[in-house]
There are 2 protein chains.
Amino acid sequence: MPTLKDVARKANVSVSTVSYSVNDNPLIPEETRNRVKMIANDMGYRPNGNAKNLKKQKTNIIGLFLSGFSGPFFTDMMEGIHDVVLEKGFELVVSSSVEQHRLLVERYVDGAIILNYHMENELLTKVANEKFPLVVMDRMIEHPNITPVLLPNEEGALLGTKHLLEKGASSLAFIAGSKDSFDGERRLQGFKQGLSAYNLSFCEKEQLIRADFTEESGYIAMTEYLSQSSEVPEGFVAANDEMAIGTIRALSEAGIKVPDDAAVVGFDDIQLAKYIQPALTTVHVPRKEWGVQAARKLFGMLENQGEEVSHVINLKLVSRDSG
Amino acid sequence: MPTLKDVARKANVSVSTVSYSVNDNPLIPEETRNRVKMIANDMGYRPNGNAKNLKKQKTNIIGLFLSGFSGPFFTDMMEGIHDVVLEKGFELVVSSSVEQHRLLVERYVDGAIILNYHMENELLTKVANEKFPLVVMDRMIEHPNITPVLLPNEEGALLGTKHLLEKGASSLAFIAGSKDSFDGERRLQGFKQGLSAYNLSFCEKEQLIRADFTEESGYIAMTEYLSQSSEVPEGFVAANDEMAIGTIRALSEAGIKVPDDAAVVGFDDIQLAKYIQPALTTVHVPRKEWGVQAARKLFGMLENQGEEVSHVINLKLVSRDSG
DNA sequence: CGATTCTATTGAAACGTTTCAATAGAAAAT
DNA sequence: ATTTTCTATTGAAACGTTTCAATAGAATCG
């Protein structure tokens with residue numbers, strides 16, 4: 001693999017001249033520059049990114065750190081982030097890590113967007129600094145160089161809950177995901193707020209069903225719940241659509257008609273939502289927009305334009321057939 | 001940001017000792033090693049990946065290059081690749097690039113898996129070499145250091161086509177994606193083979209419908225097709241599920257009953273397939289397995305175990321309600 | 001014509017590691 | 001007591017760039 005040095009030798013110029021030339025620096029007269037570039041190209045020269053980054057102390061790469069690639073949820077968001085990153089002349093790398101987080105720790109990127117519960121706050125506060133800003137999408141965290149860009153989860157769940165209540169449901173239950181999901185727990189809060197607003201009390205035993213965000217887990221949890229409780233609530237709010245779909249499946253199998261006997265509203269509005277039977281009423285999350293906002297925020301910090309880039313993400317209820 | 005040098009100064013040892021220590025090299029007695037590691041840790045030392053890579057001429061990172069993050073199709077595959085990469089002690093970065101392909105060209109990774117039609121064969125053959133193997137999943141390409149890991153697309157489409165034919169359909173049409181999708185065109189070939197096997201001829205005008213792999217495009221293309229043709233084929237084979245779903249929507253709206261008036265089979269078996277009405281008959285692609293095979297192949301090349309790691313991916317027809 | 005400015009080119013340090021070869025001193029062997 | 005081996009540590013080169021400062025020669029100026 002030829003280096004600048006090799007090209008320099010063949011072109012009979014110095015390394016600096018080659019460097020300037022391949023980077024199209026007008027310092028070098030066009031004629032020389034083109035000659036050198038030709039030679040470099042012929043030799044199959046390709047810059048070494050690591051050497052470059054080392055010297056420049058900058059990578060022009062943004063990292064997106066996820067806890068996994070699965071789920072229909074993230075791809076839209078990734079697109080939003082990607083658009084902004086490209087627009088800024090950067091590259092995006094997406095990485096899903098569980099333990100090492102090497103890509104974050106060893107500074108392969110100039111800034112990062114985090115949506116990875118495997119990364120602890122301690123790690124994040126340790127790596128973030130003036131020159132290395134972070135945007136977190138899955139937690140609240142206080143740090144001068146870390147900015148959360150969060151969904152208004154309470155509001156969303158409140159929307160869903162009120163919707164059912166307004167439609168006349170007098171008893172509700174919530175299908176939650178695992179406790180360590182920040183978003184999930186905020187959604188639960190929103191549900192409780194909705195109950196309060198209607199002067200209803202909340203009893204964890206009877207109105208909280210725990211699953212883990214997958215369709216299957218929702219199905220299992222609901223089946224179990226139904227076998228244990230004497231009377232079925234008139235409405236269910238789920239912390240995400242997958243679980244809502246699992247819930248509907250369990251209800252149907254138990255002979256409970258949705259939405260007549262029990263209504264169900266989900267959260268996220270995944271693609272599937274409008275295709276299932278009955279079509280799922282859910283809280284729509286503008287995922288791409290969320291990604292865009294996160295990326296913009298990050299560049300705001302990188303470019304140090306002092307001014308807060310404000311962000312607002314609006315959730316809205318999409319009323320379909322299930323509730 | 002402290003460097004080895006800074007740590008060395010504070011610990012009163014040489015840079016080499018620090019380097020050996022933080023890398024847990026038993027050359028340094030445990031006592032010293034721990035002392036140095038403590039100090040490094042206290043100072044917030046973090047290795048500089050670029051310096052490391054530059055020196056070692058190795059990154060321990062595998063790149064996955066996609067043309068976009070969208071579509072429900074890729075996430076399963078990414079998981080498969082990810083599993084293998086982690087198992088090998090590497091990291092995975094996923095990147096979607098259109099123009100620059102910097103991450104590939106500037107050697108940020110030790111090997112790459114390509115599924116990106118924006119990357120031209122010329123680029124790939126230029127960068128691939130003994131020390132930098134490539135696996136391509138979206139094309140055929142002859143090069144000693146590039147290995148294709150492809151789906152048996154013809155066979156798959158043949159499966160779908162024969163299924164309809166066996167069920168008695170006497171006229172078929174194919175909904176294709178854009179011409180420059182390798183997979184898509186092979187699927188078209190498989191369809192033609194199916195027709196041949198039953199001694200049916202293929203007329204492009206009447207039996208080939210072009211869309212672009214999205215649900216919407218399938219819907220539009222089919223609507224247009226229906227408005228133009230006098231008689232409707234008894235069966236449709238689509239190059240992917242999204243278009244099949246669009247097709248079904250168009251057919252339904254035109255009052256054509258699926259599967260009674262016309263049967264439809266898709267390709268891929270995306271999550272949605274079993275949820276739509278009627279549930280989609282389709283050719284199941286084991287996406288995760290595909291990813292696993294690709295990654296294994298790549299490591300086979302990296303580890304130079306001469307021996308071909310063989311791979312076989314089996315597609316099978318999933319018969320549901322649409323055909 | 002000597003002094004000045006400008007242009008094209010270059011030398012060399014620096015970025016932060018890794019790792020080979022060297023060294024000094026202690027322990028073991030003769 | 002001298003040589004040999006071993007242990008702990010270190011110095012320095014190298015990886016491939018970028019970029020500041022230096023240089024030499026040409027062009028312009030007074």
Side-chain angles (χ1 to χ4, degrees), chain A residues 1-37 39-40 43-61 102-103 105-110 127 129 131-132, chain B residues 1-37 39-40 43-61 102-103 105-110 127 129 131-132:
Chain A
M1 180 79 22
T3 68
L4 283 185
K5 207 166 157 187
D6 300 322
V7 178
R9 197 172 304 134
K10 181 154 289 182
N12 262 311
V13 292
S14 69
V15 171
S16 345
T17 302
V18 181
S19 174
Y20 287 132
S21 295
V22 297
N23 287 304
D24 252 326
N25 190 321
L27 206 65
I28 308 293
E30 204 160 339
E31 197 188 1
T32 321
R33 215 192 312 160
N34 285 334
R35 189 176 64 87
V36 173
K37 277 163 70 180
I39 297 179
M43 294 177 72
Y45 168 77
R46 287 184 288 140
N48 180 316
N50 285 303
K52 221 159 149 165
N53 295 162
L54 173 59
K55 180 63 200 173
K56 299 184 100 166
Q57 300 286 74
K58 185 162 190 334
T59 64
N60 261 266
I61 302 175
R102 243 180 65 212
L103 259 35
V105 173
E106 301 189 359
R107 285 159 294 162
Y108 287 91
V109 295
D110 289 343
V127 301
N129 64 45
K131 321 218 69 176
F132 187 72
Chain B
M1 181 77 23
T3 68
L4 283 186
K5 208 166 157 185
D6 300 321
V7 178
R9 199 171 303 133
K10 181 154 289 185
N12 262 310
V13 291
S14 69
V15 171
S16 345
T17 302
V18 181
S19 173
Y20 287 133
S21 295
V22 297
N23 288 304
D24 251 327
N25 191 322
L27 206 63
I28 308 292
E30 205 161 336
E31 199 187 359
T32 321
R33 216 194 308 162
N34 286 333
R35 189 176 64 88
V36 173
K37 275 163 72 179
I39 297 178
M43 296 177 71
Y45 168 77
R46 287 185 287 139
N48 180 315
N50 285 302
K52 221 160 150 168
N53 295 161
L54 173 58
K55 180 60 201 180
K56 299 184 100 166
Q57 299 285 78
K58 184 161 192 335
T59 64
N60 262 265
I61 302 175
R102 243 181 65 211
L103 258 35
V105 173
E106 300 189 359
R107 285 160 292 161
Y108 287 90
V109 296
D110 289 343
V127 301
N129 64 46
K131 320 220 71 179
F132 188 72

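Lettering follows sequence order; numbering is per chain, from 1. We use all heavy atoms of the structure for the numbers below, so side chains are in, but hydrogens, waters and symmetry mates are not.
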Close N/O contacts between protein and nucleotides 25-28 of chain C (under 3.5 Å):
none

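- The distance from atom CG of N12(A) to atom P of dT9(C) is 12 Å, rounded to the nearest whole Å.
- In this structure, Y45(B) and I39(B) have side chains that are not in contact, with every pair of non-hydrogen atoms separated by 4.5 Å or more.
- Heavy-atom contacts from other residues, nucleotides or ligands closer than 6.0 Å to NZ of K58(A) number more than 12.
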### Derivation of the side chain to side chain contact (heavy atoms under 4.5 Å, CB included) call for M1(A) and N48(A)
CA-CA 10 Å; M1(A) 180 79 22; N48(A) 180 316; over 6 Å; no
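- With contacts defined as side-chain heavy-atom distances shorter than 4.5 Å, the pair V18(A)/V22(A) qualifies.
- Atom CZ of R35(B) and atom C1' of dT9(D) are 12 Å apart (whole Å).
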### Task
Summarise protein proximity over nucleotides 15-25 of chain D in one line of letters, 5' to 3': B for base, S for sugar-phosphate only, - for none, counting protein heavy atoms closer than 4.0 Å.
BBBBBB-----
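- In this structure, CG on N50(A) lies 6.0 Å from CG on N53(A), to the nearest 0.5 angstrom.
- With hydrogens and angles left out, the side-chain atoms of T59(A) and D110(A) include a donor and acceptor closer than 3.5 Å.
- A 4.5 Å side-chain heavy-atom check between Y20(B) and R33(B) finds every atom pair outside the cut-off.
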### Task
Show your reasoning for whether side chain to side chain contact (heavy atoms under 4.5 Å, CB included) applies to Y108(B) and I61(B).
CA-CA 7 Å; Y108(B) 287 90; I61(B) 302 175; over 6 Å; no
